[in-house]
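Right, one structure below, let's go through it.
Here is how names work: the chains are called A, B, and so on, in the same order as the sequence lines, proteins then strands, and each is numbered from 1. Below, all heavy atoms of this structure are taken into account, side chains as well, without hydrogens, waters or symmetry copies.
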Number of protein chains: 2
Amino acid sequence: MLIRIDPASQAPLFEQVAASVRRALSDGELAKGHQLPPAREVATSLDINVHTVLRAYGLLRDEGLIELRRRRGAVVTGAADTRARLNTLAGELADEARRVGVDLDELTEIVKEKFA
Amino acid sequence: MLIRIDPASQAPLFEQVAASVRRALSDGELAKGHQLPPAREVATSLDINVHTVLRAYGLLRDEGLIELRRRRGAVVTGAADTRARLNTLAGELADEARRVGVDLDELTEIVKEKFA
DNA sequence: TTGTTTGTTCTAGTATAGTTAGAACAATGT
DNA sequence: ACATTGTTCTAACTATACTAGAACAAACAA
C-alpha cells in the first residue's frame with residue numbers, strides 16, 4: 001500500500017495522505033509519470049472519505065508535485081522533489097521549536113550540532 | 001511583559017502562553033523558585049481569557065515545569081526536558097539533509113525560512 | 001478570625017477545522 | 001454510448017480552541 005495512515009497520529013488525515021505521497025516521491029518509490037491510485041480507491045482502502053483524499057491530492061497539486069485530470073487520475077509531474085521530505089521535516093522542526101519556545105538562533109545551533 | 005502573544009500566529013493561545021514560559025525558562029529569565037504572574041493578571045494584561053492562561057499553566061504543570069498552589073500561584077519547580085522531540089526532529093532533519101546532499105548552510109537557510 | 005487572593009471546577013456558548021456523507025456534474029479515455 | 005475519475009456543492013457531525021460567568025477551596029495576611 002502506497003499511502004499509509006497512522007490512526008494514532010494527531011495530524012489531519014489529509015496531511016498524512018499528502019505526506020505519504022511526498023515521502024514516496026523523495027524515496028524514489030514514485031517518479032515522474034507514475035500514477036497515484038484513484039481517490040475513491042484510496043478512500044475505501046484506507047476507510048476514510050473521498051473528500052479527504054481529494055483534499056490531499058489538491059494539496060499536492062498546489063505544490064506542483066502532481067497533476068490531476070479527470071479520468072486520468074493523479075499523475076506525478078514535478079520532477080520527484082528530493083527535498084519534499086526535507087521541507088516537511090524542517091517545517092515540523094520549526095513548529096516544534098516555536099511550540100517549546102526555542103528561538104531561531106538556538107534552533108540553528110541545535111541543527112548545526114546534529115549535522116556535525 | 002514575561003508572557004507574550006502573537007495574534008498573527010495560528011498556534012493556539014494556550015500553547016503560545018506555555019511556549020513563552022518555556023522560552024523564559026531556557027533563557028534563564030525564569031529560574032527555579034521564581035513565580036509566574038497570577039493567571040487572572042496575565043489574562044487581563046494580554047486580553048485573553050483566564051481559562052486559556054490556566055490551561056497553559058496546567059500544561060506546564062503536567063510537564064513538571066511548574067507547581068500550582070492556591071494563593072501561592074505558579075512556582076517554577078524544575079526544568080524537565082521539553083526538548084526531547086525537538087532533538088529527535090533535528091536529528092532526522094540532519095540525516096535527511098545529508099542523505100539528499102544539502103549542506104549545512106543551505107539547511108540552516110531552509111530552517112530559517114520555515115521558522116519565519 | 002476575617003478577608004482577599006489565587007487556583008479548581010463546573011456549565012455553557014461560539015467559532016473553526018477536520019471529517020464524513022451524498023449528490024450531481026464535467027471531462028475524457030475505451 | 002459508457003464508465004471512470006476529478007470537480008463542485010450542500011450539509012451535518014465532531015472535536016478543539018476560546019470565551020464567559022459563576023461558585024468553590026485553600027492559604028496567606030491583617
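Residues passing the salt bridge (Lys or Arg N to Asp or Glu O under 4.0 Å) test with B/R70, sequence neighbours excluded: none. A search for side-chain contact (heavy atoms from CB on, under 4.5 Å) contacts involving A/R72 returns A/E67, A/R69, A/V75, not counting sequence neighbours. The side-chain contact (heavy atoms from CB on, under 4.5 Å) check on B/A97 picks up A/L86, A/F115, B/V102, B/L107, with sequence neighbours excluded. Listed by chain and residue number, A/L13, A/F14, A/I48, A/N49 satisfy the side-chain contact (heavy atoms from CB on, under 4.5 Å) test with A/T52 (two or more places apart in sequence, or in another chain). B/R98 is linked by a salt bridge (Lys or Arg N to Asp or Glu O under 4.0 Å) to B/D95, counting only residues two or more places apart in sequence or in another chain. Taking B/V50 as the reference, B/A39, B/R40, B/A43, B/L54 meet the side-chain contact (heavy atoms from CB on, under 4.5 Å) condition, with sequence neighbours excluded.
Note that CG of A/L25 and NZ of A/K32 are 12.0 Å apart. Values are rounded to the nearest 0.5 Å.
Contact annotation: B/T52 side-chain N/O to D/dT19 OP1/OP2 distance is under 4.0 Å.
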Look for any protein N or O under 3.5 Å of an N or O in nucleotides 24-28 of chain D and output each such pair with its distance, or none.
unit_1	atom_1	unit_2	atom_2	d
D/dA25	O4'	B/R70	NH1	3.1
D/dA25	N3	B/R70	NH1	3.4
D/dA26	O4'	B/R70	NE	3.2
D/dC28	O2	B/R71	NH1	3.4

I'd like a list of close polar pairs between nucleotides 14-18 of chain C and the protein, N/O only, cut-off under 3.5 Å.
unit_1	atom_1	unit_2	atom_2	d
C/dG18	OP2	A/R55	NH2	2.9

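Put simply, A/L2 and A/L59 are part of two different groups of oily side chains (I, L, V, M, F, W, Y) that touch within less than 4.5 Å, one to the next.
Taken residue by residue, residues 41-51 of chain A places heavy atoms nearer than 4.0 Å to DNA chain D at A/H51.
Rounded to whole Å, the distance from CG on A/L59 to C1' on D/dG6 is 16 Å. Distance CG (A/L68) to P (C/dT28): 13 Å, rounded to an integer number of Å. C/dT19 atom P lies 14 Å from atom CG of A/L54, rounded to whole Å. Atom CD of B/E67 is separated from atom C1' of C/dT8 by 16 Å (rounded to the nearest Å).
Under the salt bridge (charged side-chain N to carboxylate O under 4.0 Å, His left out) criterion, the residue pairs touching residues 54-65 of chain A are A/R22-A/E63, with sequence neighbours excluded. The salt bridge (charged side-chain N to carboxylate O under 4.0 Å, His left out) contacts involving residues 105-116 of chain A comprise A/E106-B/R83, where partners must be two or more places apart or lie in separate chains.
Of the residues B/L36, B/V53, B/V21, the one that meets the side chain to side chain contact (heavy atoms under 4.5 Å, CB included) test with B/I3 is B/V21.
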